[in-house]
Every structure is written in C-alpha cells, then in structure tokens.
Visitor: 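Have a look at the structure that comes next, please.
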Amino acid sequence: MAEIKILKNIMDENLSQAALNRQWFRSRKILALNLIASPGAGKTTFLEQTIKGLFPKFKLAVIEGDITGDHDAKRIEALGVPVVQINTEGGCHLDAHMIDSVLSSLDLNGLKLLFIENVGNLVCPAEFDLGEELKVVVLSTPEGHDKPAKYPLIFSEAQAVIINKTDLLKAVDFDIDQAEHDIRRLNPNVPIFRLSCKTGEGLDKWMEWLTSKGTGDR
C-alpha cells in the first residue's frame with residue numbers, strides 16, 4: 001500500500017507542475033510540443049527536418065531529453081537552434097519538474113515554438129504530462145504495425161501521429177492501413193502523417209499542419 005501512495009504523490013506532483021508549465025507557455029504564446037517515439041524511430045532526424053522547414057522563419061528552441069550524453073543536442077545545435085540538454089541518468093522519461101528546471105535557460109524573445117524531444121520510449125512518457133500543448137508520436141515502419149495496439153495509451157493521447165520511414169515500406173513487413181486503423185480506433189480524429197525524412201515525401205503536409213498550430217494568436 002505504501003508504494004501505491006508514493007506513486008500517487010509522484011503523479012500528483014507532476015500534474016501540478018505540468019499545469020504551471022502550461023500556464024507559463026500560454027502566457028508567453030509559446031507552442032510547446034512533446035515529441036515521443038521508440039529508440040530508432042528517427043525522432044531526431046524528423047526534428048531536424050522540421051527545424052529546417054521552419055527556422056529561421058519562426059524562432060525555435062529545443063529541450064533534448066536523453067538518458068545520458070548529448071549526441072542529439074549537438075545535431076540540433078549544428079542547425080543554429082538554441083538547445084538545452086536534460087540527462088535523466090537512467091530515467092526512462094522526462095517529467096514536468098525537469099522541464100521547469102531549464103526554462104530559465106531559454107531566450108524567450110520572440111520564441112514561437114519549443115520542441116521537447118523526450119527519452120526514447122513509448123510507455124513512461126505517456127504517463128507524464130510536461131505541460132505541453134501537443135503530444136506528437138513518431139512511429140517508424142521497421143518497428144512493426146502492431147505498435148499502436150501494443151502501446152495504446154500514447155497513441156490515444158497524441159494530437160498528431162507520424163508514420164516515418166515510408167521509403168522502407170517495400171522492404172519491411174508493415175501494414176500501414178492496419179496501423180492507421182488501430183490508431184483511429186484509439187484516437188478517431190488524430191491527424192496521421194505518412195512521410196519519409198530520407199526522401200522528403202509527406203513532410204510538406206506535416207509542416208503545413210504544424211505551422212497552422214504554431215503561428216496564430218495563442
């Protein structure tokens with residue numbers, strides 16, 4: 001019973017801080033986006049392609065979450081975008097307090113979009129609200145089309161789902177219609193974007209949708 005109480009306290013604390021983070025973002029008209037995927041889904045490459053499509057037209061910043069190291073942060077920094085690294089030191093997800101701890105490091109002048117690249121995991125990040133406006137899940141074709149059925153929570157909470165690496169469809173056993181059917185069963189109205197970061201196919205539709213979310217009066 002004691003373990004249940006501790007877990008409840010942790011989740012309640014996180015939700016309280018997430019509400020404060022959300023208020024902080026909205027008061028500054030910053031769109032915060034929580035990017036979630038399994039390891040190897042191409043999350044960082046997807047983020048790089050998105051940044052190239054938007055920056056410097058829109059002022060962006062990135063919070064990079066990793067268990068250890070700063071490999072991905074260096075890739076983002078090379079694009080000229082401000083980036084703050086959070087290492088969880090073994091933790092499988094970011095939480096709202098971690099986000100709060102680095103917000104003061106950001107240059108807020110004109111900041112329009114804040115991307116939070118979560119730790120590679122489809123389970124724990126689904127349970128921790130960071131105060132973001134949008135959860136975006138990246139699913140890649142080599143992972144298998146059964147991911148939405150096996151990890152329903154994150155797909156049910158997503159505001160957008162990316163099916164990445166469509167250039168590999170002929171080489172892998174991935175039923176894209178079945179994947180979309182399972183996603184729709186969990187989250188009927190969620191936008192689904194089929195794209196390839198390698199060929200660029202489909203990126204325009206994603207960029208158009210994201211721009212519509214991130215540039216209006218908020």
Visitor: When hydrophobic residues are tied together by side-chain contacts of less than 4.5 Å, even through go-betweens, does I183 share a cluster with L134?
Guide: no

Visitor: Are R75 and E48 close enough, and set up right, to give a salt bridge (Lys or Arg N to Asp or Glu O under 4.0 Å), and what steps lead you there?
Guide: CA-CA 8 Å; R75 288 171 58 180; E48 287 175 315; 2.8 Å; yes

Visitor: Any heavy-atom pair between the side chains of L33 and I116 that's under 4.5 Å?
Guide: no

Visitor: Is the side chain of D66 donor-acceptor paired with the backbone N or O of T68 at a distance under 3.5 Å, no angle test?
Guide: no

Visitor: List the atom of S156, the atom of N187, and the distance in Å for their closest heavy-atom pair.
Guide: O-ND2, 3.3 Å

Visitor: State, with a plain yes or no, whether a side-chain heavy atom of N34 is found less than 4.5 Å away from one of L94.
Guide: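 When only atoms from C-beta onward are counted, L94 and N34 do not touch, as no gap falls below 4.5 Å.
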
Visitor: Is a donor on one side and an acceptor on the other found under 3.5 Å between the side chain of H93 and the backbone of P125?
Guide: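 Checking the backbone N and O of P125 against the side chain of H93, no donor-acceptor pair under 3.5 Å is found.
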
Visitor: Just so I know, are the side chains of V190 and R184 near enough to count as touching, which here means a heavy-atom distance under 4.5 Å?
Guide: yes

Visitor: Got a sec, which residues hit side-chain contact (heavy atoms from CB on, under 4.5 Å) with I67, two or more places apart in sequence or on another chain?
Guide: T88, V119

Visitor: Quick one, V161 and V136 - any side-chain contact, counting heavy atoms below 4.5 Å?
Guide: no

Visitor: Check whether any side-chain heavy atom of E64 lies under 4.5 Å from a side-chain heavy atom of L47, and answer yes or no.
Guide: yes

Visitor: Output, in order, the C-alpha distance, side-chain angles, deciding distance and verdict of side chain to side chain contact (heavy atoms under 4.5 Å, CB included) for L195 and I163.
Guide: CA-CA 6 Å; L195 58 84; I163 299 181; over 6 Å; no

Visitor: Are V138 and Y151 grouped together when hydrophobic residues (ILVMFWY) are joined by side-chain heavy atoms under 4.5 angstrom apart?
Guide: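 They do not share one cluster, since no chain of ILVMFWY contacts under 4.5 Å joins V138 to Y151.
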
Visitor: Are M98 and L20 connected, step by step, through hydrophobic side chains (Ile, Leu, Val, Met, Phe, Trp, Tyr) whose heavy atoms are closer than 4.5 Å?
Guide: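 Different hydrophobic clusters.
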
Visitor: Give a yes or no answer on whether the side chain of N121 reaches the backbone of C92 with a donor-acceptor pair at less than 3.5 Å.
Guide: yes

Visitor: Rounded to the nearest 0.5 Å, how far apart are OG1 of T141 and CG of D173?
Guide: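 Separation between the atoms: 11.0 Å.
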
Visitor: For V102 and Q85: C-alpha separation, side-chain torsions, deciding distance, then whether side chain to side chain contact (heavy atoms under 4.5 Å, CB included) applies.
Guide: CA-CA 9 Å; V102 300; Q85 177 74 53; over 6 Å; no

Visitor: Does a side-chain heavy-atom distance below 4.5 Å link D204 with M207?
Guide: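 Contact flag for D204/M207 side chains = no.
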
Visitor: For residues 51-60, which side-chain donor-acceptor pairs fall under 3.5 Å, sequence neighbours excluded?
Guide:
{"from": "K59", "atom 1": "NZ", "to": "D107", "atom 2": "OD2", "distance (Å)": "3.0"}
{"from": "K59", "atom 1": "NZ", "to": "N109", "atom 2": "O", "distance (Å)": "2.5"}

Visitor: Do the side chains of K43 and E117 get close enough for a salt bridge, i.e. N-O under 4.0 angstrom?
Guide: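 Yes, this pair counts.
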
Visitor: State whether the side chain of D146 and the backbone N or O of A149 hold a donor-acceptor pair below 3.5 Å, judged by distance alone.
Guide: no

Visitor: Taking atom types as modelled and ignoring hydrogens, do the side chains of T211 and E208 form a donor-acceptor contact shorter than 3.5 angstrom?
Guide: no

Visitor: What's the spacing between C197 SG and D167 CG if we round to 0.5 Å?
Guide: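 Separation between the atoms: 9.0 Å.
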
Visitor: Write down the atom of A32, the atom of E132, and the distance for their closest heavy-atom approach.
Guide: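 Heavy atoms only, the tightest pair is O-CB, 3.6 Å.
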
Visitor: Give the intermediate values and the outcome of side chain to side chain contact (heavy atoms under 4.5 Å, CB included) for residues L122 and L139.
Guide: CA-CA 10 Å; L122 286 179; L139 168 67; 5.7 Å; no

Visitor: If you round to the nearest 0.5 Å, how far is CD of E133 from CD of Q159?
Guide: 8.0 Å

Visitor: In terms of hydrophobic clusters joined by side-chain contacts under 4.5 Å, are L210 and L35 together?
Guide: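 Same cluster.
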
Visitor: Walk me through whether D182 and K147 qualify under salt bridge (Lys or Arg N to Asp or Glu O under 4.0 Å).
Guide: CA-CA 9 Å; D182 289 343; K147 279 289 192 299; over 6 Å; no

Visitor: Roughly how far, to the nearest 0.5 Å, is CG of L203 from NZ of K198?
Guide: 14.0 Å

Visitor: Compute whether any side-chain donor of one residue and acceptor of the other, for S196 and E201, lie under 3.5 angstrom apart.
Guide: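 Result is no, nothing qualifies.
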
Visitor: Are L168 and I162 linked, directly or through intermediate hydrophobic residues, by side-chain heavy-atom contacts shorter than 4.5 Å (ILVMFWY only)?
Guide: no

Visitor: Within the 4.5 Å heavy-atom criterion, are F155 and I36 side-chain neighbours or not?
Guide: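 A side-chain contact is absent here, since even the closest heavy-atom pair is not under 4.5 Å.
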
Visitor: Would you find a donor on one side and an acceptor on the other, under 3.5 Å apart, between the side chain of N164 and the backbone of S140?
Guide: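 No: the side chain of N164 does not pair with the backbone of S140.
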
Visitor: Taking atom CZ of F193 and atom CZ of F46, what is their separation to the nearest 0.5 Å?
Guide: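 Output value for this atom pair is 8.5 Å.
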
Visitor: Does the side chain of D72 come under 3.5 Å of the side chain of T44 through a donor N or O and an acceptor N or O?
Guide: yes

Visitor: I'd like to know if the side chain of D70 and the backbone of A73 have a donor-acceptor N/O pair within less than 3.5 Å.
Guide: no

Visitor: Below 4.5 Å, heavy atoms only, C-beta onward: do I30 and L108 meet side chain to side chain?
Guide: yes

Visitor: Set out, in order, the CA-CA distance, both residues' side-chain angles and the distance that settles side chain to side chain contact (heavy atoms under 4.5 Å, CB included) for L114 and V62, then state yes or no.
Guide: CA-CA 6 Å; L114 175 64; V62 175; 5.8 Å; no

Visitor: List the residues meeting side-chain contact (heavy atoms from CB on, under 4.5 Å) with A96, not counting sequence neighbours, and say none if there are none.
Guide: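 A96 satisfies side-chain contact (heavy atoms from CB on, under 4.5 Å) with N14, Q17, A18, N21 once adjacent residues are dropped.
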
Visitor: Where is the tightest heavy-atom contact between A179 and F174, given as atom of each residue plus distance?
Guide: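 That closest heavy-atom pairing would be CB-CZ, 3.8 Å.
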
Visitor: Which value, rounded to the nearest 0.5 Å, describes the distance between H145 atom NE2 and D175 atom CG?
Guide: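 Reported to 0.5 Å precision, the distance equals 5.5 Å.
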
Visitor: How close do K165 and A41 get, counting heavy atoms only, and between which atoms?
Guide: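 It is CE-O, 3.7 Å.
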
